[in-house]
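Taking it in order: structure first as structure tokens, then the write-up.
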Amino acid sequence: MKDEKVTAIITGSVFDHIPFGKAVILIKLFGLNGKYPYLMGSGLKSEKSPDGKKDIIKIEGKELTEEEINILSLIAPSVTVSIIRDGKVFRKIKTELPERVSRIIICNNTKCITSIDKNSDTEFIITKRSGEIFLKCKYCGREYKIDDVKIVI
């Protein structure tokens with residue numbers, strides 16, 4: 001089987017070690033289609049991954065903010081982000097699951113103050129149990145699995 005390669009970028013961001021199959025989710029979440037030129041590799045060979053496969057995304061012309069890196073760590077906690085400038089790695093970031101996130105997740109509870117007052121910010125406390133990520137709303141106390149919440153950028 002021939003290894004596929006994803007070509008280099010000059011300036012931008014690289015998300016590496018994305019769990020196999022999650023790159024498409026990240027492209028949709030970050031709204032990359034049409035905003036920035038990007039390259040995606042899926043199912044690439046990886047010795048570090050439990051299933052031996054990984055995805056990778058390279059975005060030309062966009063450096064991630066800290067908030068965007070927090071979003072990445074929620075969806076794919078094992079991702080490494082490299083900021084590329086002039087064709088070289090300027091900064092390399094190993095994402096970690098944050099303890100809290102604000103504003104980027106919508107509470108599903110229609111009686112939560114954040115659902116009633118559209119000007120209020122949401123805040124969730126993050127925990128990881130038995131390999132799953134859970135988010136607890138600071139205001140109403142409801143807890144959700146990461147796949148059951150809506151993330152907005």
Side-chain angles (χ1 to χ4, degrees), residues 6 9 12-36 38-85 89-153:
V6 180
I9 60 172
S13 301
V14 176
F15 311 163
D16 197 5
H17 304 291
I18 302 169
F20 175 54
K22 291 206 171 182
V24 173
I25 295 168
L26 294 175
I27 287 169
K28 286 182 185 174
L29 184 66
F30 283 92
L32 295 177
N33 283 331
K35 274 189 178 176
Y36 299 93
Y38 70 92
L39 301 166
M40 182 185 93
S42 184
L44 302 174
K45 186 177 173 184
S46 173
E47 294 175 9
K48 294 180 180 177
S49 172
D51 61 1
K53 296 178 182 177
K54 70 174 183 177
D55 291 351
I56 188 169
I57 301 172
K58 296 183 176 189
I59 309 166
E60 186 70 52
K62 176 169 179 51
E63 290 188 11
L64 294 186
T65 65
E66 291 300 319
E67 190 170 73
E68 290 170 327
I69 291 170
N70 281 341
I71 294 167
L72 259 180
S73 65
L74 283 173
I75 305 298
S78 60
V79 170
T80 300
V81 178
S82 296
I83 304 298
I84 309 297
R85 293 185 183 165
V89 176
F90 172 76
R91 183 174 166 213
K92 196 167 202 163
I93 305 156
K94 176 75 178 132
T95 60
E96 294 180 14
L97 196 62
E99 293 179 11
R100 295 173 184 264
V101 291
S102 300
R103 298 182 307 273
I104 61 171
I105 296 173
I106 296 172
C107 184
N108 292 339
N109 180 3
T110 56
K111 295 181 180 175
C112 179
I113 187 66
T114 60
S115 296
I116 297 166
D117 180 2
K118 299 296 180 196
N119 293 322
S120 63
D121 289 332
T122 61
E123 184 172 336
F124 287 83
I125 300 161
I126 301 168
T127 56
K128 190 173 184 180
R129 297 188 304 267
S130 303
E132 287 195 76
I133 297 172
F134 293 90
L135 302 109
K136 185 174 183 178
C137 178
K138 175 184 170 185
Y139 299 102
C140 72
R142 289 231 177 140
E143 189 172 70
Y144 306 96
K145 288 182 180 179
I146 186 69
D147 294 335
D148 297 333
V149 296
K150 182 176 181 182
I151 299 174
V152 292
I153 297 180

Let me confirm one number: the [atom1]-[atom2] distance from [X] to [Y], rounded to the nearest 0.5 Å.
X	Y	atom1	atom2	value
Thr80	His17	OG1	NE2	4.5 Å
Asp55	Leu44	CG	CG	7.0 Å
Glu96	Asn70	CD	CG	10.5 Å
Ile104	Ile151	CD1	CD1	6.0 Å
Ile84	Phe90	CD1	CZ	11.0 Å
Ile9	Tyr38	CD1	OH	14.0 Å

Inset, instruction - Check whether any side-chain heavy atom of Ile93 lies under 4.5 Å from a side-chain heavy atom of Leu64, and answer yes or no. - result: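 Sidechains of Leu64 and Ile93: no contact.
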
Using every non-hydrogen atom in the two residues, find where [X] and [Y] come nearest and quote the distance to one decimal.
X	Y	result
Arg100	Glu123	NH1-OE2, 3.0 Å
Ile116	Thr110	CG1-O, 3.9 Å
Thr122	Ile105	OG1-O, 2.6 Å
Ser42	Phe20	OG-CE1, 3.6 Å
Asp121	Thr114	O-CG2, 3.6 Å
Tyr36	Gly61	CE2-O, 3.7 Å

Legend entry - Residue of the set Thr95, Ile69, Val79 for which side chain to side chain contact (heavy atoms under 4.5 Å, CB included) holds with Phe15: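 Only match with Phe15 under side chain to side chain contact (heavy atoms under 4.5 Å, CB included): Val79.
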
Between [X] (side chain) and [Y] (backbone), is there a donor-acceptor pair under 3.5 Å?
X	Y	result
Lys28	Ala23	no
Ser13	Lys62	yes
Asn109	Arg142	no
Ser82	Val14	no
Lys145	Glu132	no

Please check if the number of heavy atoms outside [X] that lie under 6.0 Å from its [atom1] is greater than 12.
X	atom1	result
Lys35	NZ	no
Glu143	CD	yes
Lys136	NZ	no

Inset, instruction - Flag the pair Glu66 and Arg91 as a salt bridge only when some basic side-chain nitrogen lies within less than 4.0 angstrom of an acidic carboxylate oxygen. - result: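 Yes, Glu66 and Arg91 are salt-bridged.
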
Inset, instruction - Mind running side chain to side chain contact (heavy atoms under 4.5 Å, CB included) on Leu72 and Ile18 for me, showing each step along the way? - result: CA-CA 9 Å; Leu72 259 180; Ile18 302 169; 5.9 Å; no

